[in-house]
Amino acid sequence: MNSSLRKVSFLIITIIVLPVVVFSLFEIGNLRQNEKIIQDIYRNQLNAILYSINQYSDDVISSLAVRIENSSSEINSPAKTDLSATIKELPSVKGLLQFDNKQKLISSVPESCCDTIVLREITRMIEQNKKIITQLKTYLQGGYRKIQPVVNPSGNLQWIIFITHVRNKELTNLLIIDPVKFISQVLDPKIQEIAKGKFDIAAYRAGDELPFYTSNKKFKAAKIDEREAFWLLINYRMGIGLKEITIADLTSGRLKRNLIIVGIMDLILLFGAWLIFRNIRKQVELSQLKSDFVSNVSHEIRTPLSLITIYIETLEMGRVRDEKKVKEYYSVILNETSRLSGIVNRILSFSQIESKKRKYSFAQSDLNEIVENASMSYGYTLENRGFKYIFQPEQNLLPFKADKEAVTDAIVNIVDNAMKYSIEIKEIIVRTGKSEKHVFVEVEDKGIGISEKHQKYIFDKFYRVTEMNLANKVKGSGLGLAIVKHILDAHDGRITVKSKPGQGSIFRLSFPVN
Ligand code: ADP
């Protein structure tokens, strides 16, 4: 990597890659924190719903307490009849016992509500909870009726104590309710209203894994996110969860989605950074190739020019008398002049291609004829440089549409390269051939060959292989194959190369026949 590329890489890493990495790490940390906050908010909301169910239960019993107080206050009607009608309003109530200030039982509805054993238990409980009862009375005097559940040691029914104020007396009420009925009949409508198809709400007996009540028939136990005790029902708990998904799944799903988005954005940014780097690298390489091109071309022009100058000066001085020698000098001058014009033509041709000004005029042509014409321009040089030249034409080639001059240029370029890059075995075979839809011309040499890693670049403008000694020594512009490829593209044709370092190369130019 050269120094300007190193600088660019350093800049890209510090301006794009590092900020992207730091920002992503920061974002990922933030996302996790946000998800935790969202999870807490969800949990608080679910807790608030459970709280509202407890609040509702409390309200139901409080309003029953008010009605019981009012029924007991009716002077003209027999209190018991009223009380039993009042407590029947709430389906889950099994009975109500009232005690006076001295903890003496003064009424029980219905009368059959409790057998003697239960009654004894209740009386003992009232005795034991005197302190609580005094507290409840104090609350009531302060304007607040507290509903107090107490443990029922003799069964599953729930005992609830509250105080009523009847005709200047404070009565202690013991309400006996069936918790299962209370939940599934009294609380159910409210629970359904709250759940509204969004939540699953369930009720459990303490210690049970499975609920005895659920707001939704297709309830799944694993979806319960929060649990809370019933305020009024000792040993009963309620649970709530989101209907379709648990909070953990919901937040982890969101987290995953957000992480994926951050990941994709990072990839896009890093891909962009890589694209920028690749483009800059290409430009740097191209400018390097261009500067190599200028020095190569100057060399290429300088050598024939100085040869021409030397030979003309020698001839002009009239020092060479030998006729044979004079002829030889003229032929060198001719050779070098045609080399010079070849270089200039190539540069002109390339500049026409670059400015998209090169025009082609196509006509039905015969490939063998084009090769034979081309061989006239390189035949002399081949012979002069001691090359063995073999032409193997395929008979009955179909005609194809070609700009003859351009195709000749292409073939001359390829043969020229074959000569330039052959040292030991000086043999060039040119053959034509056909496939189903193409005619082709192949130029085979036994020269230095091209390694595979370079083969895909040799058709790029200015590209030259400099790794082998000869390739390095031979002067060139790196334009020849780029021009050939352009000519082939204009003919909808293809140029391919088969080559092995040290063994030679075969370049094939194929043209479509229709
Ligand atoms: P140049 O003016 O350098 O010959 P070209 O575009 O014609 O430019 O060729 C590009 C490069 O491909 C050459 O520099 C050379 O390394 C390689 N090349 C082309 N033809 C041959 C060949 N017949 N044998 C070996 N190498 C070749």
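Only this structure's heavy atoms are used, side chains among them; waters, hydrogens and symmetry mates stay out. Numbering starts at 1 and runs along the sequence shown. Just follow the structure's listing: the first ligand is 1, and inside any ligand the first atom is 1. Keep in mind the model is a prediction, meaning the values are calculated, not measured.
Every residue meeting the ring pair (Phe, Tyr, Trp, His ring centres under 6.0 Å) condition with Phe293, not counting sequence neighbours, appears here in chain and number order: Phe462.
Each of the following atoms of ligand 1 lies closer than 4.0 Å to a heavy atom of Val465: 14 (O), 16 (O). In summary, the atoms of ligand 1 found under 4.0 Å from a heavy atom of Gly449, numbered by their order in the structure, are 25 (C). Of all the atoms in ligand 1, the ones that sit under 4.0 Å from a non-hydrogen atom of Leu479 are 6 (O), 8 (O).
Which of Phe462, Phe350, Tyr421, Tyr463 comes nearest to atom 13 (C) of ligand 1 through a heavy atom is settled by distance: it is Tyr421. Counting heavy atoms only, Gly478 comes closest to atom 1 (P) of ligand 1 of the residues Gly504, Gly480, Gly478. Atom 19 (C) of ligand 1 has its nearest heavy-atom neighbour, among Asn417, Asp445, Ile448, in Asn417.
Within the 4.0 Å heavy-atom shell around ligand 1 one finds Phe507. Residue-ligand proximity: Ser505 is placed with a non-hydrogen atom under 4.0 Å from ligand 1.
Considering all non-hydrogen atoms of both residues, Ile194 and Phe199 come closest at O-CD1, 3.9 Å.
Here the two rings, on His491 and Phe362, have centers that are under 6.0 Å apart. Between Tyr389 and Tyr378, the ring center distance clears the sub-6.0 Å criterion. In this structure, Tyr51 has its ring center closer than 6.0 angstrom to the ring center of Trp231.
Residue contacts with ligand 1 for Ile450 involve side-chain atoms from C-beta outward but no N, CA, C or O (heavy atoms, distance under 4.0 Å). Counting heavy atoms closer than 4.0 Å to ligand 1, residue Lys420 contributes side-chain atoms (C-beta onward) but none from N, CA, C or O.
For the residue pair Arg358 / Gln352, no side-chain donor-acceptor distance below 3.5 Å is found, with atom types taken as modelled.
For residues 273-288, the pairs satisfying side chain to side chain donor-acceptor pair (under 3.5 Å) are Gln288-Asp292, with sequence neighbours left out.
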